[in-house]
Each structure stands twice: as C-alpha cells, then as structure tokens.
Amino acid sequence: MTKIKYPETIKVDQVDEYHGIKVPDPYRWLEDPDSEATKAWVTAQNQVTFPYLKDIPEREQIKQRLTNLWNYERYGIPFKEGNRYFYFKNDGLQNQSVLYVLDSPDAEPRVLLDPNLLSEDGTVALTGTSISDDGNLMAYGISISGSDWQEWKVLDVTTGENLPDVIKWVKFSGASWTKDGKGFFYSRYDEPNDKTKLEDVNYYQKLYYHRLFTAQSEDVLIYHRPDQKEWGFSGHVTEDGKYLIISVWRGTDPKNLVFYRDLTVPDAPVVELISEFTSEYSFIDNDGDLFWFRTDLDAPRGRLIAIDITTQDVKEIIPQVAETLEGVGLVNNQFVASYLKDARSQIKIFDLSGVLVREVALPGIGSAGGFGGKRSDTETFYSFTSFTNPATIYRYDMVTGESSVYRQPVVDFQPAEWETQQVFYTSKDGTRVPMFITHKKGIVLDGNNPTYLYGYGGFNVSLTPSFSVSKLVWLELGGVVAIPNLRGGGEYGEEWHQAGTKQNKQNVFDDFIAAAEWLIENGWTSRGKLAIAGGSNGGLLVGACITQRPDLFAAALPAVGVMDMLRFHKFTIGWAWCSDYGSPENPEEFQALYAYSPLHNIKPLTSYPATLITTADHDDRVVPAHSFKFAAALQAAQAGDAPVLIRIETKAGHGAGKPTAKLIEEIADELAFLVRVLGLVA
C-alpha cells in the first residue's frame, strides 16, 4: 500500500485551559466552514479522496449491484385520517419517497406530494406530516440539503394545492392540529443569523399556535420559558380534542416534564402535571381526565400507568416485566404494547384494565413497527423486517388477531442463502452483551471472513434487526455483518442506557472492543479482515476505539462523528448531548471526556487502521468541524501506510432525507474502500 501525500493542514497556536489542564487545539480554524481557508482545505481533501476511491477497480461493480438491489418498491405503513388512507411509496431509485392518498379504501391511489419535484437533485426532503382530523388538510415540513431547519406549509388534500401559510425556523418539532382543523401547534426557535445558522447554538424553543390563513407573525405564543434556555416543547392535541399535552424535554435526556392545557376553556392556564425531570413519561391517550403514560418511573424497563389529573392518583395498568416496554398504542380500545426481548420485537395486546388479550405472532427474529390508529379503529397496520428481509406491511385485525400481508416487496436477493444468529459475549467488566451476526449459511470459521462490525451505544437508541441494501452487498462480497447491542442503548431499559453515559461512557467502547475480540477468538475473522463502522454517536464510538486499540482493526468508517468531546456543546444542538456525555465545564466529567475524546487521544507516529471519514458540509447536527479536525490530526499522526481519507459530501446534512443517488454513491465508496484495504476480491 503506497503512502498517500495528504494536503498540508496549517497548525495554529491555540491552547485552551480546562480545569488547570492546557489543551492544544491546532486545527481550531477548521471550525469555520465558510472561511476561504476551510473551503480550500475541503476542496484539497476531496481532490485526494475521490480520485482514490474512483480508481478502485471494484467500485463500479459494487455501485451497480447497490443500484440493482436498491431498485425495489418500498411501502410505508398506511395511516388513516377521516375516511382517507395515506402512505409513502418509493418506486425503487427515487431520491425521495412519494406520499399517496386514497380517498376511500377502494379508491385508486393518487399522488398527494412528490418531494422529488421540489428540487432537481433530490436534496429537498419531506421531514414531517400532520393530517387534520377530517383528513382534508395536511401540514408538512421540508428540509433543504439535509439541514435540521425546517419550513412548514399546508396542503389542501382534496385539490392538492398549497395554502398561503408558511412557517419558518422550525427545528425538532412536528405539528398537531386542533380538532376543528382551523390551526395547529408547533415549536420553533427565534430567527437565526443567516450566515451562521448551521453552526450557532440552539436555545429557547417556543411553542406556538398557528391559525390557518394568517401570517406567522400573528401566531399565538402558547408557552415558553425565558428562564430555561435548554427546555424544548412538543405540543400534542389529544384524540378527543380536549387537551393540549405539552411534553417538555431537555436535551437528549429521556426524562421529561408533562404539562397540559384545557382547549375547551378560553385562555385556560398551562397546568404542570409532571414538574420534575425524574423519569420519562410518554403520553398514550386519555379517557376524559384519566391520562395514560408509558413511563420508567420506578420501572427502568418501562410500564403503563394512568394518572387522574383531578386527584393526581396514579394507578399501574401494565407492570414492568423482564422485557423492555418501548412503546404503547391504543387501538380498538386495547393497548398495543411493543416490547424488546434481547433487542428483537415482541408485541402484546392488553385490555384497558391491563389484562393480556394475546401476543401477536411475528414471522421471526426481527423488528415490528406501526400499530397506529384511533381508539375506535378495529384494524391497524404494521411492518416487519429482518437483516435479510425488507419491510413487509401487514394488516392486523384487532378483533380476530389475524395478520394478513398488505404489501410485500420483491428484492433481487435470496434470503434463504443467509442466516442471522444471536450470540452473547462478555465485556471487560463481566457484563453480558448480545450481538447479531448475519452470514452465509455453511460459513467456515477459519478466521478469514471479512467482517463489518457496526455499533452505536448511546442516547437510549436500540439497534434492532433491520434490512440494509449496503449490508446485503457486503454479504455478497463474502462478508459477515456483526451488530452488538452496546450499553448506552435502550435494549434493556434505562439502567442499560445509564451504564453507557457520562463517566460510564468507557463501558460502550469496552463492549465494542470485546465484540471485536470475541469475533477474532471464535474464528469469525482476524485483525486483518476486521472493519468497524458507526455514524454520529457511532462515529464517536469508532473514533474512540481506533485511538484506544489501533492494533485491533484493519479498517474504520466513522461517519458524521462527534470527535471533539471538549467543544461539542458549543455548536447547534450539541449542548443537548451533555445528558449522555457529561459537560466539559464539569471537572469530573471533563476528566472522563478528555480520557476518550477521539481528537485528543491521537498519538503521533502511530500506525492507525485504514480510515475513511465521512461528513457533509451542511451537517448542522454534528457540525463537520468534528470530522475536519479529526482527519487533519489523524493524517498528521499516521505512521503506517494505511490511508486516512475524509470524504466531504456537498448539499447534504446529518443523513436524514439524503437522496437515494447520494446514498448509493457514498456506500459504493465505503464498500470499495473496504474491498481495497482489506484485500478482497469483488
């Protein structure tokens, strides 16, 4: 492998002091994405990276196979409002999925909104929809180039025409209509500085009501807290239309507050029902003044409770069990409870008193989602997917308990040739961790299988079985896909999550390293055939693991990663992650952050794995400066011949809404990179 000549990255004399410790930050200038120097650096890096990737002989073949596999019809889960049914569908290679409507169950579907017509290159994405109770109006949010900033508009479902309403500066919010369909609630931030809106920190979210056919400047401020800059608000109108439920969030911490307002009483006050950040409360529905919540109050794996808002009495409906209760819906006057059993889906139906009616029979090891609807509905829809089977949509009869296939996609792939097994391994401190391994049937465990080890481990996020075209292509290249359920996730409830946060964050890296060691010890792969990957918090995971154990991996794919753990809180919504990471302002938490921060633990003259860092110039979630600085430092420190490249996408953000064409190009680059550096034959 020929050593690459990287663009020269200027170092500046920037030193910061944290709690008496002086920390150099020589690449601080790369934090300004709009400076001419940074733009020139981005261009120079891409001029090294893209030719390198393009010259890999197998890349075109990989791209073609990705394109062929991706080209299948994909349906979203249907949902009903009024007498209309709505669903998303992608014909295969469309950059964005299209929203269809059926004016009656037997009617022909018609296109309601095609986001592909909003831009020539597919970089305008639909980020959210909210249909009025009668099914006649739709509020919808759009994002440009992957930004978290959204603009909301309103569509007449009957005519397909836009109303004049335009709502700007929305971020981390949906919309919820009043029962009369005359307006909706939403949350926004103050208008940002246009030049720095992709980097500036986001504080002081406000909850508003927008009345149709009025200017945004006339929207009614429902709730805000000038004394609490970190509080965010999510407004939800109850199905009976009587109450506005206000969930108050603070960063990414699952603990929240719950306030409400009686919408039947003019100028009714906002009442604080849950006023301390002690637990998570997810509102399910109400029966008059009785509110149902999924909560982890005194139940880290979750339970269902009812709170009488007139007496404050709390009654347990569904108690905590061994499995993790992820969510609850209310359909046909029955609770649909979604559980995780060792990171795989389990669905149970209960009556309103909490008595088990039945368990829904699922097709195998996989992930089920959906089960939405109104309290009076007798049918619902759900999807089921696994590592080797794309999402099939089922109609479920709530009365009989029967499932029937509604939409089943056809993919140019033979699932019967592959299998998924779940193993359990022991981490550094003795903790038992589950891991899914997908591979070709009859695989030989001789240590020669190229293995793609993917992880996340944070923010209460559970990695459950899901279908991925990119991982299918990897399997066809002779690879193995391994996905461990690391601490920091939500697979085993809040205790599992907390075991991977703040001063416990090292547990996450230990779990991932132990997974790699287990795979090698058990003959699945070897150090020379092992690649690790992860995005966002998973990018941090990859960055931390290659700086802690550069000897253990042959290749690394950190995507849009949080790499500077001393300055992450200074940009956009980064402050919100302190609930998981801790704050550099806190002396004890600083010590933990500094000990694993990928940027600050790169050691000069060290042989690091072949690394392809990916980011995007419009990422306003994890600003690209994280990846820029990490790439510059890693390139400067690399002693071996393994390449350290950074691929910087343009007109794209953190990942949500990225057009299909850009996804295929990026994944083709990543897989081709692995083929080359691991010495595979495509």
Side-chain angles (χ1 to χ4, degrees), residues 62 65-66 69-70 342-344 364-367 385-391 411 413-425 433-457 461-486 489 491 511-520 522-535 538-539 541-542 545 552-559 609 612 663 666-675 677-678 680 682:
I62 290 169
R65 184 57 180 147
L66 282 168
L69 274 175
W70 221 293
D342 293 329
R344 59 176 84 168
I365 295 177
S367 302
T385 183
S386 69
F387 289 113
T388 53
N389 290 281
V411 182
F413 179 78
Q414 300 301 320
E417 296 179 10
W418 316 89
E419 64 181 325
T420 296
Q421 58 180 284
Q422 189 176 39
V423 301
F424 292 83
Y425 66 91
V433 182
M435 177 163 56
F436 293 108
I437 305 177
T438 304
H439 57 88
K440 196 171 185 69
K441 288 182 178 176
I443 191 170
V444 178
L445 301 185
D446 59 1
N448 288 321
N449 303 302
T451 297
Y452 184 98
L453 177 61
Y454 179 88
Y456 189 78
V461 172
S462 301
L463 289 191
T464 60
S466 64
F467 184 77
S468 161
V469 168
S470 61
K471 293 182 178 66
L472 291 192
V473 173
W474 176 254
L475 291 172
E476 290 184 340
L477 289 167
V480 170
V481 175
I483 301 179
N485 297 105
L486 314 172
E491 290 86 352
D511 289 355
F512 201 54
I513 289 166
E517 292 175 334
W518 186 93
L519 289 165
I520 293 169
N522 286 271
W524 285 93
T525 190
S526 60
R527 185 263 170 205
K529 297 289 186 182
L530 179 58
I532 57 173
L541 170 71
V542 172
C545 287
L552 189 56
F553 319 104
L557 299 174
L612 176 61
L663 284 171
E666 183 174 333
I667 295 165
D669 284 342
E670 290 174 343
L671 293 181
F673 179 80
L674 294 184
V675 164
V677 300
L678 298 182
L680 310 187

Next on the checklist: Applying the side chain to side chain contact (heavy atoms under 4.5 Å, CB included) criterion to V480, which one of T438, T525, L453, I443 satisfies it?
Outcome noted: I443
Next on the checklist: Testing the basics here: between A668 and I62, what is the closest heavy-atom pair and its distance to 0.1 Å?
Outcome noted: CA-CG2, 4.1 Å
Checklist outcome for this item: All heavy atoms of L519 vs all of A482, minimum pair found to be CD1-CB, 3.8 Å
Item to check | Residue pair A531 / L678: nearest heavy atoms and the distance that separates them | outcome: CB-CD1, 4.3 Å
Item to check | ring-ring contact (aromatic ring centres under 6.0 Å, His included) involving W418 - partner list, sequence neighbours excluded | outcome: F413
Next on the checklist: Quick check: closest heavy atoms across F387 and P465, and the distance to 0.1 Å?
Outcome noted: CZ-CA, 3.5 Å
Item to check | Full working for side-chain contact (heavy atoms from CB on, under 4.5 Å) between I520 and L552 | outcome: CA-CA 10 Å; I520 293 169; L552 189 56; 3.8 Å; yes
Checklist outcome for this item: Heavy atoms of L472 and T388 approach each other most closely as CD2-CA, 4.5 Å
Checklist entry - Any side-chain heavy-atom pair from M435 and Q422 closer than 4.5 angstrom? => result no
Next on the checklist: Looking at Q421, I'd like to know if its CD atom is crowded, meaning that more than 12 non-hydrogen atoms belonging to other residues, nucleotides or ligands lie closer than 6.0 Å.
Outcome noted: yes
Item to check | Under 3.5 Å: donor-acceptor pair, side chain of N449, backbone of G478 | outcome: no
Checklist entry - Got a sec, which residues hit side chain to side chain donor-acceptor pair (under 3.5 Å) with N522, two or more places apart in sequence or on another chain? => result none
Next on the checklist: For the CZ atom of R344 and the OG1 atom of T464, what is their distance to the nearest 0.5 Å?
Outcome noted: 12.0 Å
Checklist outcome for this item: Closest non-hydrogen atoms of Y425 and P434, given as atom of the first, atom of the second and distance, are CE2-O, 4.3 Å
Checklist entry - Can you tell me how far the CD1 atom of I437 sits from the CH2 atom of W518, to the nearest 0.5 Å? => result 4.5 Å
Checklist entry - Can you name the salt bridge (Lys or Arg N to Asp or Glu O under 4.0 Å) partners of E517, sequence neighbours left out? => result R549
Checklist entry - Any side-chain heavy atom of I532 within less than 4.5 Å of one from L541? => result no
Item to check | Test log, rule side-chain contact (heavy atoms from CB on, under 4.5 Å), inputs F424 and D342 | outcome: CA-CA 10 Å; F424 292 83; D342 293 329; 3.8 Å; yes
Item to check | Any donor-acceptor N/O pair, S526 side chain to L530 backbone, under 3.5 Å | outcome: no
Item to check | side chain to side chain donor-acceptor pair (under 3.5 Å) involving S468 - partner list, sequence neighbours excluded | outcome: S470
Item to check | CG on L674 to CG on L557, rounded to 0.5 Å | outcome: 4.5 Å
Checklist entry - Got a second to check how far W474's CH2 is from I667's CD1, nearest 0.5 Å? => result 13.5 Å
Checklist entry - Taking only residues two or more places apart in sequence, or in another chain, which ones meet D669 in a salt bridge (Lys or Arg N to Asp or Glu O under 4.0 Å)? => result R59, R647
Next on the checklist: Donor-acceptor check, side chain of Y456 to backbone of L486, threshold 3.5 angstrom: yes or no?
Outcome noted: no
Next on the checklist: Working to the nearest 0.5 angstrom, can you tell me the gap between K471 NZ and Y452 OH?
Outcome noted: 5.0 Å
Checklist entry - For K441 and E417, what are the C-alpha separation, side-chain angles and deciding distance, and is it a salt bridge (charged side-chain N to carboxylate O under 4.0 Å, His left out)? => result CA-CA 6 Å; K441 288 182 178 176; E417 296 179 10; over 6 Å; no
Checklist outcome for this item: The reported gap from OG1 in T420 to CZ in F436 (rounded to nearest 0.5 angstrom) is 8.0 Å
Checklist entry - Can you tell if the side chain of K529 reaches within under 4.5 Å of the side chain of L680, non-hydrogen atoms only? => result yes
Checklist outcome for this item: Applied to residues 477-486, the side chain to side chain donor-acceptor pair (under 3.5 Å) test, sequence neighbours excluded, yields N485-E491
